[in-house]
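Bear in mind the structure is a predicted one, so any value in this text is a computation, not a measurement. Chain identifiers are assigned alphabetically (A, B, ...) following the order of the sequence lines, protein sequences preceding nucleic acid strands; residue numbering begins at 1 within each chain.
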Amino acid sequence: MPELPEVETIRRELEPYVVGRTVVGLSFPWEGIVRRPALEEFSTRLIGQRITGLGRRGKYLIFSLSSGQALVIHLKMTGSLWFKDPEKFVRAIIHLDDGGNIYFRDPRKFGIMWLVDDKESVAVKLGPEALGAEFTAKVLAERLSQRTAPIKALLLDQGLVAGIGNMYADEALFSAKIHPARAGGSLTKKEVERLHKAIRQVLSDGINEKGASTDTYFRPSGEPGTAHSHFRVAHRRGESCPLCGTPLERIPVRNRGSYFCPKCQKEA
DNA sequence: CCCGGAACCTGAAGGC
DNA sequence: TGCCTTCAGGTTCCGG
(Lines give C-alpha, C1' and ligand atoms only; values in the text may rest on other atoms or scores of the structure.)
Protein backbone atom coordinates (compact mmCIF):
# COMPACT_ATOMS: atom_id res chain seq x y z
CA MET A 1 0.00 0.00 0.00
CA PRO A 2 1.38 3.41 -0.84
CA GLU A 3 2.26 5.23 2.37
CA LEU A 4 4.87 7.97 2.79
CA PRO A 5 7.91 5.80 1.86
CA GLU A 6 6.18 4.41 -1.22
CA VAL A 7 4.93 7.81 -2.44
CA GLU A 8 8.33 9.37 -1.79
CA THR A 9 10.07 6.58 -3.74
CA ILE A 10 7.73 7.14 -6.68
CA ARG A 11 8.34 10.90 -6.46
CA ARG A 12 12.12 10.49 -6.52
CA GLU A 13 12.13 7.99 -9.38
CA LEU A 14 9.55 9.87 -11.46
CA GLU A 15 11.07 13.33 -10.99
CA PRO A 16 13.88 13.16 -13.58
CA TYR A 17 11.46 11.59 -16.04
CA VAL A 18 8.78 14.30 -15.90
CA VAL A 19 10.28 17.62 -14.80
CA GLY A 20 10.77 19.89 -17.82
CA ARG A 21 8.40 17.81 -19.96
CA THR A 22 5.19 19.15 -21.46
CA VAL A 23 1.90 17.24 -21.34
CA VAL A 24 0.82 16.65 -24.94
CA GLY A 25 -2.12 14.29 -24.45
CA LEU A 26 -4.24 12.30 -22.01
CA SER A 27 -6.06 8.98 -22.20
CA PHE A 28 -8.67 7.74 -19.73
CA PRO A 29 -9.50 4.03 -19.89
CA TRP A 30 -11.53 4.76 -16.72
CA GLU A 31 -12.82 8.32 -16.53
CA GLY A 32 -13.83 8.13 -12.89
CA ILE A 33 -10.21 8.66 -11.86
CA VAL A 34 -10.58 12.43 -12.44
CA ARG A 35 -12.14 14.10 -9.43
CA ARG A 36 -12.17 17.72 -10.57
CA PRO A 37 -12.63 19.71 -12.67
CA ALA A 38 -14.90 17.77 -15.05
CA LEU A 39 -13.00 15.57 -17.49
CA GLU A 40 -13.18 17.84 -20.54
CA GLU A 41 -12.00 20.90 -18.67
CA PHE A 42 -9.36 18.83 -16.90
CA SER A 43 -7.95 17.75 -20.25
CA THR A 44 -8.06 21.07 -22.07
CA ARG A 45 -6.44 22.87 -19.16
CA LEU A 46 -3.70 20.28 -18.54
CA ILE A 47 -2.63 19.62 -22.13
CA GLY A 48 0.08 22.03 -23.20
CA GLN A 49 1.38 22.70 -19.73
CA ARG A 50 4.99 22.08 -18.74
CA ILE A 51 5.74 20.18 -15.55
CA THR A 52 8.06 22.38 -13.50
CA GLY A 53 8.45 20.25 -10.39
CA LEU A 54 7.32 17.11 -8.59
CA GLY A 55 6.62 17.35 -4.87
CA ARG A 56 4.95 15.39 -2.11
CA ARG A 57 2.77 16.32 0.87
CA GLY A 58 1.80 13.39 3.09
CA LYS A 59 0.68 10.72 0.63
CA TYR A 60 -0.21 13.23 -2.10
CA LEU A 61 1.95 13.67 -5.22
CA ILE A 62 2.02 17.23 -6.55
CA PHE A 63 3.03 18.04 -10.13
CA SER A 64 3.73 21.78 -10.34
CA LEU A 65 2.72 23.23 -13.72
CA SER A 66 3.91 26.18 -15.80
CA SER A 67 0.54 27.95 -15.34
CA GLY A 68 0.92 27.94 -11.58
CA GLN A 69 -1.73 25.28 -11.23
CA ALA A 70 -0.99 21.79 -9.89
CA LEU A 71 -1.84 18.26 -10.90
CA VAL A 72 -2.41 16.38 -7.66
CA ILE A 73 -2.50 12.58 -7.52
CA HIS A 74 -3.46 10.30 -4.64
CA LEU A 75 -2.74 6.61 -5.17
CA LYS A 76 -4.98 5.51 -2.28
CA MET A 77 -4.55 1.78 -1.62
CA THR A 78 -3.70 0.14 -4.90
CA GLY A 79 -2.45 2.86 -7.25
CA SER A 80 0.97 3.05 -8.91
CA LEU A 81 2.57 5.15 -11.66
CA TRP A 82 4.53 3.39 -14.40
CA PHE A 83 6.97 4.41 -17.16
CA LYS A 84 5.92 1.43 -19.25
CA ASP A 85 2.52 -0.07 -19.95
CA PRO A 86 1.54 -2.40 -17.06
CA GLU A 87 -1.14 -3.72 -19.45
CA LYS A 88 -3.77 -4.45 -16.80
CA PHE A 89 -5.72 -1.98 -14.63
CA VAL A 90 -4.56 1.16 -16.48
CA ARG A 91 -6.97 3.98 -15.55
CA ALA A 92 -5.18 7.01 -17.07
CA ILE A 93 -2.19 7.74 -19.32
CA ILE A 94 -0.30 11.04 -19.44
CA HIS A 95 1.52 11.53 -22.74
CA LEU A 96 4.69 13.64 -22.69
CA ASP A 97 6.43 15.68 -25.39
CA ASP A 98 9.48 13.42 -25.50
CA GLY A 99 7.39 10.38 -26.36
CA GLY A 100 7.33 9.10 -22.78
CA ASN A 101 4.14 8.14 -20.98
CA ILE A 102 3.02 7.86 -17.37
CA TYR A 103 0.58 5.02 -16.76
CA PHE A 104 -1.71 5.24 -13.72
CA ARG A 105 -2.39 1.64 -12.70
CA ASP A 106 -5.09 1.08 -10.07
CA PRO A 107 -6.93 -2.25 -9.72
CA ARG A 108 -9.45 -1.02 -7.16
CA LYS A 109 -10.20 2.38 -8.71
CA PHE A 110 -9.69 4.32 -5.47
CA GLY A 111 -7.01 6.59 -6.92
CA ILE A 112 -7.80 10.23 -7.69
CA MET A 113 -6.45 13.02 -9.90
CA TRP A 114 -7.19 16.74 -9.40
CA LEU A 115 -6.17 19.80 -11.39
CA VAL A 116 -6.25 22.71 -8.97
CA ASP A 117 -5.19 26.31 -8.50
CA ASP A 118 -4.48 25.72 -4.81
CA LYS A 119 -2.83 22.41 -3.95
CA GLU A 120 -3.98 22.74 -0.35
CA SER A 121 -7.60 22.44 -1.49
CA VAL A 122 -7.63 18.69 -2.11
CA ALA A 123 -7.18 17.50 1.47
CA VAL A 124 -9.23 18.41 4.51
CA LYS A 125 -6.34 19.49 6.71
CA LEU A 126 -3.00 17.75 6.89
CA GLY A 127 -0.84 17.60 9.99
CA PRO A 128 2.94 18.08 10.02
CA GLU A 129 5.07 15.93 7.72
CA ALA A 130 6.08 12.80 9.64
CA LEU A 131 9.71 13.23 8.51
CA GLY A 132 9.70 17.02 8.65
CA ALA A 133 11.58 19.16 11.16
CA GLU A 134 8.34 20.50 12.60
CA PHE A 135 7.22 17.03 13.74
CA THR A 136 8.96 16.70 17.09
CA ALA A 137 8.28 14.44 20.08
CA LYS A 138 6.89 17.50 21.86
CA VAL A 139 4.45 18.20 19.02
CA LEU A 140 3.35 14.57 19.02
CA ALA A 141 2.80 14.66 22.79
CA GLU A 142 0.69 17.82 22.50
CA ARG A 143 -1.42 16.33 19.76
CA LEU A 144 -2.02 13.09 21.68
CA SER A 145 -2.88 14.69 25.01
CA GLN A 146 -6.45 14.24 26.19
CA ARG A 147 -7.23 12.01 23.23
CA THR A 148 -9.18 8.83 24.06
CA ALA A 149 -9.12 7.20 20.61
CA PRO A 150 -6.74 4.23 20.13
CA ILE A 151 -3.17 5.30 19.36
CA LYS A 152 -3.30 3.22 16.18
CA ALA A 153 -6.30 5.19 14.91
CA LEU A 154 -4.63 8.49 15.78
CA LEU A 155 -1.46 7.58 13.88
CA LEU A 156 -3.60 6.95 10.80
CA ASP A 157 -5.26 10.37 11.12
CA GLN A 158 -3.53 12.50 8.46
CA GLY A 159 -4.67 15.64 10.26
CA LEU A 160 -2.61 14.65 13.30
CA VAL A 161 0.54 13.72 11.39
CA ALA A 162 0.82 13.24 7.62
CA GLY A 163 2.25 10.18 5.90
CA ILE A 164 1.76 7.19 8.19
CA GLY A 165 -0.42 4.31 7.01
CA ASN A 166 -1.45 0.94 8.36
CA MET A 167 1.79 -0.96 7.79
CA TYR A 168 4.21 1.61 9.18
CA ALA A 169 1.88 2.36 12.11
CA ASP A 170 2.08 -1.31 13.16
CA GLU A 171 5.85 -1.31 12.72
CA ALA A 172 6.32 1.88 14.74
CA LEU A 173 4.07 0.68 17.59
CA PHE A 174 5.94 -2.62 17.79
CA SER A 175 9.29 -0.85 17.80
CA ALA A 176 8.09 1.46 20.59
CA LYS A 177 6.49 -1.48 22.48
CA ILE A 178 3.05 0.13 22.61
CA HIS A 179 -0.25 -1.73 22.26
CA PRO A 180 -2.28 -0.44 19.26
CA ALA A 181 -5.51 -0.13 21.29
CA ARG A 182 -4.01 2.11 24.01
CA ALA A 183 -5.74 5.46 24.32
CA GLY A 184 -3.56 8.12 22.69
CA GLY A 185 -3.67 10.37 25.75
CA SER A 186 -2.59 7.56 28.07
CA LEU A 187 0.94 7.32 26.69
CA THR A 188 3.69 8.44 29.05
CA LYS A 189 6.25 11.03 27.99
CA LYS A 190 8.83 8.27 27.55
CA GLU A 191 6.44 6.24 25.40
CA VAL A 192 5.67 9.23 23.18
CA GLU A 193 9.40 9.83 22.74
CA ARG A 194 9.96 6.19 21.82
CA LEU A 195 7.04 6.28 19.41
CA HIS A 196 8.23 9.48 17.74
CA LYS A 197 11.69 8.04 17.22
CA ALA A 198 10.21 4.77 15.93
CA ILE A 199 7.96 6.56 13.42
CA ARG A 200 10.90 8.46 11.93
CA GLN A 201 13.03 5.30 11.88
CA VAL A 202 10.52 2.99 10.16
CA LEU A 203 9.63 5.62 7.55
CA SER A 204 13.30 6.39 6.80
CA ASP A 205 14.08 2.69 6.54
CA GLY A 206 11.09 2.30 4.21
CA ILE A 207 12.42 4.98 1.88
CA ASN A 208 15.90 3.44 1.92
CA GLU A 209 14.32 0.14 0.88
CA LYS A 210 12.31 1.91 -1.86
CA GLY A 211 8.97 1.03 -0.31
CA ALA A 212 7.12 -2.11 0.69
CA SER A 213 5.53 -4.34 -1.95
CA THR A 214 3.12 -6.29 0.21
CA ASP A 215 0.33 -6.17 -2.33
CA THR A 216 -0.04 -3.86 -5.33
CA TYR A 217 2.77 -1.35 -4.87
CA PHE A 218 5.31 -1.05 -7.68
CA ARG A 219 8.00 1.48 -8.51
CA PRO A 220 7.68 3.38 -11.82
CA SER A 221 9.97 0.83 -13.47
CA GLY A 222 7.56 -1.94 -12.44
CA GLU A 223 10.06 -3.28 -9.90
CA PRO A 224 8.97 -3.96 -6.29
CA GLY A 225 10.39 -2.29 -3.20
CA THR A 226 12.05 -4.37 -0.49
CA ALA A 227 10.90 -2.76 2.77
CA HIS A 228 8.33 -5.46 3.52
CA SER A 229 11.03 -8.09 3.89
CA HIS A 230 12.28 -6.16 6.95
CA PHE A 231 8.87 -5.78 8.59
CA ARG A 232 8.76 -7.31 12.03
CA VAL A 233 4.99 -7.52 12.56
CA ALA A 234 3.08 -5.87 9.69
CA HIS A 235 1.34 -8.46 7.52
CA ARG A 236 3.14 -11.25 9.38
CA ARG A 237 0.04 -13.29 9.92
CA GLY A 238 0.65 -16.56 11.72
CA GLU A 239 4.29 -15.75 12.46
CA SER A 240 6.11 -15.34 15.77
CA CYS A 241 7.51 -12.22 17.43
CA PRO A 242 11.13 -11.71 16.29
CA LEU A 243 12.04 -10.59 19.83
CA CYS A 244 10.33 -13.12 22.12
CA GLY A 245 8.84 -15.82 19.89
CA THR A 246 5.25 -15.27 21.03
CA PRO A 247 2.74 -15.80 18.18
CA LEU A 248 1.79 -12.44 16.70
CA GLU A 249 -1.85 -11.43 16.93
CA ARG A 250 -4.10 -9.48 14.61
CA ILE A 251 -6.96 -7.39 16.00
CA PRO A 252 -9.20 -4.87 14.28
CA VAL A 253 -8.70 -1.28 15.44
CA ARG A 254 -11.17 1.04 13.73
CA ASN A 255 -11.72 -1.71 11.18
CA ARG A 256 -8.04 -1.80 10.28
CA GLY A 257 -6.07 -4.99 10.69
CA SER A 258 -3.46 -4.41 13.39
CA TYR A 259 -0.58 -6.82 13.87
CA PHE A 260 1.26 -6.80 17.18
CA CYS A 261 3.03 -8.94 19.80
CA PRO A 262 0.78 -9.44 22.85
CA LYS A 263 3.82 -9.92 25.11
CA CYS A 264 6.06 -7.08 23.94
CA GLN A 265 3.16 -4.63 23.52
CA LYS A 266 1.13 -4.80 26.73
CA GLU A 267 -2.29 -3.19 26.83
CA ALA A 268 -2.10 -2.04 30.45
C1' DC B 1 -14.37 19.18 18.85
C1' DC B 2 -14.11 14.12 19.34
C1' DC B 3 -15.18 9.35 18.31
C1' DG B 4 -16.51 5.28 15.63
C1' DG B 5 -18.48 3.20 11.71
C1' DA B 6 -19.98 3.17 6.81
C1' DA B 7 -19.01 3.88 2.10
C1' DC B 8 -16.17 3.75 -1.95
C1' DC B 9 -14.18 -0.49 -5.12
C1' DT B 10 -12.58 -5.05 -6.96
C1' DG B 11 -9.06 -8.75 -7.12
C1' DA B 12 -6.83 -12.41 -4.45
C1' DA B 13 -7.10 -16.08 -1.46
C1' DG B 14 -9.18 -19.52 1.26
C1' DG B 15 -13.06 -22.66 2.58
C1' DC B 16 -16.17 -26.18 1.31
C1' DT C 1 -13.80 -27.27 -10.45
C1' DG C 2 -16.41 -23.50 -8.96
C1' DC C 3 -19.06 -20.80 -6.01
C1' DC C 4 -19.09 -18.09 -1.94
C1' DT C 5 -17.08 -15.43 1.75
C1' DT C 6 -13.53 -12.82 3.65
C1' DC C 7 -9.80 -9.70 3.48
C1' DA C 8 -7.04 -5.80 1.89
C1' DG C 9 -7.18 -0.27 3.52
C1' DG C 10 -6.69 5.70 2.53
C1' DT C 11 -9.83 9.04 2.97
C1' DT C 12 -14.20 11.41 3.51
C1' DC C 13 -18.64 11.68 5.32
C1' DC C 14 -22.09 11.34 8.81
C1' DG C 15 -24.50 10.36 13.12
C1' DG C 16 -24.12 10.48 18.06
Whole angstrom value for the distance that separates [atom2] of [N] from [atom1] of [X]:
X	N	atom1	atom2	answer
Tyr259(A)	dC7(C)	OH	C1'	9 Å
Ile112(A)	dT11(C)	CD1	C1'	8 Å
Arg105(A)	dG11(B)	CZ	P	11 Å
Trp30(A)	dC9(B)	CH2	C1'	8 Å
Leu156(A)	dC2(B)	CG	P	17 Å
Lys152(A)	dG5(B)	NZ	P	14 Å
Asp157(A)	dC3(B)	CG	P	9 Å
Lys109(A)	dC9(B)	NZ	P	9 Å

(message) Can you tell me how far apart CZ (Phe28(A)) and OG (Ser43(A)) are? Round to the nearest 0.5 Å.
(response)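 With rounding to 0.5 Å, CZ (Phe28(A)) is 4.5 Å from OG (Ser43(A)).
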(message) Could you check whether the side chain of Arg256(A) and the base of dG10(C) have a donor-acceptor pair of N or O atoms closer than 3.5 Å, going by distance alone?
(response)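 Per atom types, the contact qualifies.
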Is it true that a side-chain atom of [X] and a backbone atom of [Y] form a donor plus acceptor pair closer than 3.5 Å?
X	Y	result
Arg236(A)	Phe231(A)	yes
Tyr17(A)	Asn101(A)	yes
Arg35(A)	Trp114(A)	no

Tell me what [X] touches on the nucleic acid: a base, only sugar-phosphate, or nothing, going by heavy atoms under 4.0 Å.
X	value
Pro252(A)	nothing
Tyr217(A)	nothing
Gln158(A)	sugar-phosphate

Considering just the side-chain nitrogens and oxygens of [X], establish if one lies under 4.0 Å of OP1 or OP2 belonging to [N].
X	N	value
Lys59(A)	dT11(C)	yes
Lys76(A)	dT11(C)	no
Arg254(A)	dG4(B)	yes
His74(A)	dT11(C)	yes

(request) Specify the residue among Arg91(A) and Thr148(A) whose closest nucleotide of DNA chain B lies further upstream toward the 5′ end. (result)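 Closest to the 5' end, via its nearest nucleotide, is Thr148(A).
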Quick one: which of [options] gets closest to the side chain of [X]?
X	options	value
Leu154(A)	dC3(B), dC9(B), dT11(C)	dC3(B)
Asn255(A)	dG10(C), dA6(B), dC2(B)	dA6(B)
Tyr60(A)	dG4(B), dC8(B), dT11(C)	dT11(C)
Asn166(A)	dC3(B), dG11(B), dG10(C)	dG10(C)

(message) Quick check: Tyr217(A) with His228(A) (ring centres under 6.0 Å apart)?
(response)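 No, the ring centres sit 6.0 Å or more apart.
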(request) Would you please name every residue forming a salt bridge (Lys or Arg N to Asp or Glu O under 4.0 Å) with Glu41(A), sequence neighbours left out? (result)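 Once residues adjacent in sequence are excluded, the partners of Glu41(A) under the salt bridge (Lys or Arg N to Asp or Glu O under 4.0 Å) criterion are Arg45(A).
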